[in-house]
Protein chains: 2
Amino acid sequence: MSRPLYQQVKSKILHKIASLSANSSIPSERALSLEFEVSRMTVRKAIDELVDEGILYRDKTRGTFVSNKELVRKNTIDDEKENETCHLLYMTHRTFEEIAPILNVPIYEDIMRIVGSRQRAGEIANIDEIYMTSAYYRREVEDIEEVFELIERKKDFRITKTFIPMLIPVQFVNIMNIPMDAPIIMVKSIYRSFSGETILMRKTYYNPFVETIEISN
Amino acid sequence: MSRPLYQQVKSKILHKIASLSANSSIPSERALSLEFEVSRMTVRKAIDELVDEGILYRDKTRGTFVSNKELVRKNTIDDEKENETCHLLYMTHRTFEEIAPILNVPIYEDIMRIVGSRQRAGEIANIDEIYMTSAYYRREVEDIEEVFELIERKKDFRITKTFIPMLIPVQFVNIMNIPMDAPIIMVKSIYRSFSGETILMRKTYYNPFVETIEISN
DNA sequence: TAGTGGTCTAGACCACTGG
DNA sequence: CAGTGGTCTAGACCACTAA
């Protein structure tokens, strides 16, 4: 099968509402199912996803409406950013006693540490510190580029994020170019497969002067 | 109609898997639809939600499995907490020039400010600062209790959260009982109706020694 | 080859709302 | 009363995988 029908319907609806203003109503599910010549359940599945993304909202008895664009669901931690370039700062591998228990390996096991930065408009938006076992790296990864792709494949993992307030670590003061005692947020992410195997640990240090963490439902 | 069938099926599945260990497979959708005497689509809708909640996961060709309980989707900002008590610290109403534009009202409009704390095991987990127009308060709210209920009705609003790192505000140092220069996270939430009307603004100051913000997908 | 989840159809009845 | 979204059914075919 090619692209699922409901995905095509989703695109058609998106195209249809592109010029509509906020809170205007869209045709009913039955009308759309006639127009697109698909069953009502297929239209529903398409609309379900658009509602989930915050692009549409429903009213049980009145119909379906276009959301205000400002209200479209946001998630600046997970969304890919445009105008953003990744840079590898350095990488090394050795034992890390503090990290090993998190990755569920013995403390004498070799662990890879990869540090990179993300820049936007010439400024450092955040610094990423990635830890994974050298064994996993050798087995699953071809090169560094693939690690950066790996951490963006959000749907393939169960990712737990912990938000930790701290003062900027001294070793990052110069790189980020922000004051020494600036409070920042560090997000610690643990990537696990759905069956529970820990894949990697990641610490992201956000530059509050460049990037704001924003989430909506 | 009483409780939707798929919700009942969801409960039955939850009951069924309660004693299963992580990664054990559950019966196929077809088998469950026979067992519960409902259509396969109804079973699917139930499983869809359980997958969405992180309780189950699917493998396209192998079946559906029980997640490791540690991997169940978490969201400590949105989830109601047990063992938590709310306390009103103080409330007042007057004009707030900085807040008025956020609530989309003229700067001379009367705004309500409600400050409360949440305690867990005798310690202050966070402090909540809530701003809403006095007009809205008089029109929609009976008493303070209802405000605290309002901010927990997450599904009724489009809520945008911004995570801001800061040093703990001096006026909260004593209340929270944490050091003066402690870095903390303040979460600024804006509640809007789905049609775009701004309902309220809320600032939550998290005590990092009591409560950790944790989110998973 | 048998069984899985993913998609899709063409109907149906419900509760609720607005004119 | 007509129209809406919400739920539900009993089928169907697909791609893929494990035996």
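Computed from a prediction, not measured in an experiment: that's the story for all the values here.
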Tell me whether the OP1 or OP2 atom of [N] has a side-chain N or O from [X] closer than 4.0 Å.
{"X": "B:Thr42", "N": "D:dT7", "result": "no"}
{"X": "B:Lys45", "N": "D:dC8", "result": "no"}
{"X": "A:Ser28", "N": "D:dG3", "result": "no"}
{"X": "A:Thr61", "N": "C:dA15", "result": "no"}
{"X": "B:Arg58", "N": "C:dG6", "result": "yes"}

Would you say the side chain of A:Arg62 and the base of D:dG5 hold a donor-acceptor pair, judged only by whether the two atoms sit under 3.5 Å apart?
->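 No, no donor-acceptor pair under 3.5 Å.
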Record whether the side chain of B:Arg30 comes under 3.5 Å of the base of C:dG5 through a donor-acceptor pair of N or O atoms.
->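 Looking at the base of C:dG5, it does pair with a donor or acceptor on the side chain of B:Arg30 (distance under 3.5 Å).
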Less than 4.0 angstrom from a charged side-chain N to a carboxylate O is my criterion; do [X] and [Y] meet it?
{"X": "A:Arg58", "Y": "A:Glu29", "result": "yes"}
{"X": "A:Lys45", "Y": "B:Asp48", "result": "no"}
{"X": "B:Arg192", "Y": "B:Glu197", "result": "no"}
{"X": "A:Lys188", "Y": "A:Glu129", "result": "no"}

Counting side-chain heavy atoms from C-beta on, which of C:dG5, C:dT9, D:dC8 comes nearest to B:Arg40?
->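 Looking only at heavy atoms from C-beta outward on B:Arg40, the closest nucleotide is C:dG5.
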Quick one: which of D:dG6, C:dC8, D:dT9 gets closest to the side chain of A:Lys60?
->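 Of the candidates, D:dG6 comes closest.
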Round to a whole Å and report the spacing from [atom1] of [X] to [atom2] of [N].
{"X": "A:Arg44", "N": "C:dG11", "atom1": "CZ", "atom2": "C1'", "result": "15 Å"}
{"X": "B:Phe65", "N": "C:dG3", "atom1": "CZ", "atom2": "C1'", "result": "12 Å"}
{"X": "B:Phe194", "N": "D:dG5", "atom1": "CZ", "atom2": "C1'", "result": "15 Å"}
{"X": "A:Glu29", "N": "D:dA2", "atom1": "CD", "atom2": "C1'", "result": "17 Å"}
{"X": "A:Leu32", "N": "D:dG5", "atom1": "CG", "atom2": "C1'", "result": "13 Å"}
{"X": "B:Tyr57", "N": "C:dT4", "atom1": "OH", "atom2": "C1'", "result": "15 Å"}
{"X": "B:Gln7", "N": "D:dG6", "atom1": "CD", "atom2": "P", "result": "13 Å"}
{"X": "B:Met41", "N": "C:dG5", "atom1": "CE", "atom2": "P", "result": "13 Å"}

Map A:Tyr6 and B:Ala31 onto DNA chain C by nearest heavy atom, then report which one ends up closer to the 5' terminus.
-> B:Ala31
Between B:Asn23 and A:Ser195, is any side-chain donor less than 3.5 angstrom from a side-chain acceptor?
-> no
